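To start, the structure itself, in structure tokens.
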Amino acid sequence: MLRDYPLLHDDIALGLRGRDLVSVQDLSVEEIYRIFHIASVLKSDTRSGVPHRVLEGKSLGMIFKKHSTRTRVSFEVGIWQLGGHGLFLSADDIQMSRGESISDTAEVLSRYLDGIMIRTYSHDEVVQLAESASVPVINGLTDLLHPCQALADLFTAFEKKGNLSGLKLAFIGDGNNVANSLLVAGAKLGVNVSVASPPGYEPQSFIVDRVMSYAAESGSRIEIIHDPVEAAKDADIVYTDVWASMGHELERVQREKSFAGYQVNGELMAVAKPDALVMHCLPAHRGEEITAEVIDGPNSVVLDEAENRLHVQKAVMVLLML
Ligand code: CP
Ligand code: NVA
């Protein structure tokens, strides 16, 4: 017998049904906390073996133009645990890579599927797919954003710290897709976000402008600076990501030079709060953006973040695809 989940049927849940998740920007604060709430119920049901096949008979197509370990496995296992079916669609194998338009792909897939997850380079491709598809489209990472990651990360911080408002998150390194989504989600939820990047690698200014307007509403403080020590000072969360993201392979050598002073190591952690959480979306390069001592140390919650991708994305799928 399936348990009833009343929080899947009220006005907030109904307001999410059928929608896309292209950016955390699309979500209100109430909706983000609803995702967290459902994620935590589903996490405890998963751990105690309570069946929760609320998406019985539904299918999720998962289009991948870039590599993935966590996103692919957590979405595929997640939809299966919910009673549905996931289809891995390598972009190389479907007709999209031979020139079939995004809109035809979206409309055709909408006749078979109940939801589409896509990981690709161009953010516009996801926007276009979402506009043309009649089923929910979930962004599984673009060059610009990684909303599922930021939601899972802030859910992890919420679990560990008990609240988010007023926490300081220091993001050290590239102002990339992960940094952008953490800025958007953090500013909405009242987290003070301090990003320290080398000059020329700051988060895009149009994202920062939007983030400032969310911060004005939530009261969070946002800083885009160059000094990692200043960013990490008294931080509750110290976050980093690779210096060369997927698509930046040719810039790797130059980036190693530019980011040399931006490593999260014991010395940098010494200026953060003693109980600061160490976060990384993974995959990590030990010895580059983070030392082994820190990522494998007692403050690291990187495996919890990875696990929470599963629970948070299950909540997202349930809320959008029910
Ligand atoms: N963090 C993350 O999205 O990991 P994958 O690239 O393995 O999916
Ligand atoms: N910024 C990284 C995140 C990987 C999950 C990338 O885009 O490669």
Side-chain angles (χ1 to χ4, degrees), residues 21-24 39 60 62-79 86 88-91 116-126 138-157 169 171-185 193 195-198 201-204 207 237 239-252 254-256 258-259 262-264 277-286 288-290 295 300-314 316-317:
L21 175 56
V22 174
S23 167
V24 178
L60 176 80
M62 308 183 300
I63 304 174
F64 282 92
K65 261 199 196 175
K66 289 182 174 181
H67 291 88
S68 171
T69 298
R70 282 143 287 270
T71 305
R72 176 175 175 180
V73 176
S74 56
F75 268 106
E76 191 163 335
V77 168
I79 185 76
F88 173 71
L89 304 169
S90 162
I116 303 169
M117 194 285 303
I118 177 164
R119 165 169 286 197
T120 188
Y121 293 86
S122 152
H123 190 72
D124 284 349
E125 238 172 71
V126 178
I138 301 171
N139 178 356
L141 179 146
T142 63
D143 288 344
L144 187 70
L145 296 173
H146 197 358
C148 295
Q149 183 70 51
L151 289 172
D153 295 334
L154 291 188
F155 174 68
T156 306
L169 184 153
F171 185 96
I172 312 295
D174 192 16
N176 62 15
N177 42 15
V178 172
N180 288 338
S181 284
L182 285 169
L183 275 165
V184 174
V193 185
V195 178
S197 311
Y201 295 97
E202 299 89 352
Q204 281 96 322
I207 297 275
I237 302 163
Y239 201 118
T240 191
D241 185 12
V242 290
W243 292 339
S245 285
M246 291 179 278
H248 291 149
E249 288 77 9
L250 295 178
E251 299 172 24
R252 205 182 164 87
Q254 177 53 48
R255 281 173 172 263
E256 272 174 26
S258 306
F259 285 89
Y262 289 79
Q263 185 184 63
V264 174
L277 304 175
V278 171
M279 290 194 157
H280 191 308
C281 57
L282 305 179
H285 293 134
R286 286 169 177 76
E288 291 182 27
E289 75 277 4
I290 193 161
I295 197 169
S300 173
V301 295
V302 298
L303 294 177
D304 298 301
E305 291 173 79
E307 178 185 339
N308 282 335
R309 292 288 304 278
L310 171 71
H311 307 300
V312 166
Q313 289 161 192
K314 280 169 75 179
V316 167
M317 287 190 279

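Since the model is a prediction, treat every value here as computed from it, not as a measurement. Note that ligands are numbered from 1 as they come in the structure, with each ligand's atoms numbered from 1 the same way.
- In terms of modelled atom types and a separation under 3.5 Å, the side chain of E288 and the main chain of R286 share no donor-acceptor contact.
- Taking distance alone, with nitrogen or oxygen atoms compared against 3.5 Å, D241 approaches ligand 2 more closely than that limit.
- Between S245 and ligand 2, an N or O atom pair is found at a separation short of 3.5 Å.
- Side-chain contact of E289 with H280: a donor-acceptor pair under 3.5 Å is present, judged by distance alone.
- When hydrogens are left out, the protein atom nearest atom 7 (O) of ligand 2 is N177 ND2, 2.8 Å; that is the closest non-hydrogen contact.
- Given atom 4 (O) of ligand 1, the protein heavy atom at minimum distance is R70 NE, 2.8 Å.
- Of all the heavy atoms of L141, the ones lying under 4.0 Å from any atom of ligand 2 belong exclusively to the side chain.
- Of the N and O atoms on the side chains of T156 and D304, not one donor lies less than 3.5 Å from an acceptor on the other residue.
- Counting the atoms of ligand 1 from 1 in the order shown, those under 4.0 Å from a heavy atom of L282 are 1 (N), 2 (C), 4 (O).
- Annotation: atom 2 (C) of ligand 1 to nearest protein heavy atom, R309 NH1, 3.3 Å.
- The protein atom (non-hydrogen) at minimum distance from atom 7 (O) of ligand 1 is T69 N, 2.7 Å.
- In this structure, K66 is positioned above the aromatic face of Y121, its NZ or CZ under 6.0 Å from the six-membered ring centre and within 45° of the axis.
- If you look at K66 next to ligand 1, there are no close heavy atoms at all, none under 4.0 Å.
- Of all protein heavy atoms, the one closest to atom 6 (O) of ligand 1 is R119 NH1, 2.8 Å.
- Less than 4.0 angstrom separates some heavy atom of H146 from each of these atoms of ligand 1: 2 (C), 3 (O).
- Between the side chains of N177 and D143, not a single donor N or O lies within less than 3.5 Å of an accepting N or O.
- Close N/O approach between C281 and ligand 1 is found [any backbone or side-chain N/O within under 3.5 Å].
- Between the S300 side chain and the I295 main chain, a donor and an acceptor come within less than 3.5 Å of each other.
- Judged by distance alone, the side chain of R255 and the main-chain N or O of A244 form no donor-acceptor pair under 3.5 Å.
- Those atoms of ligand 2 with a heavy atom of L282 less than 4.0 angstrom away are 5 (C).
- By the 3.5 Å distance cut-off applied to N or O atoms, R72 is not counted among the residues near ligand 1.
- In this model, no donor atom of one side chain and acceptor atom of the other lie less than 3.5 Å apart for E202 and S197.
- For a threshold of 3.5 Å applied to N or O pairs, the pair formed by K66 and ligand 2 contains no separation below that value.
- Under the 6.0 Å cut-off for aromatic ring centres, Y201 and Y262 do not qualify, their centroids lying 6.0 Å or more apart.
- Between R252 and E256 a salt bridge is recorded (basic side-chain N to carboxylate O distance below 4.0 Å).
- Of all protein heavy atoms, the one closest to atom 8 (O) of ligand 2 is M246 N, 2.8 Å.
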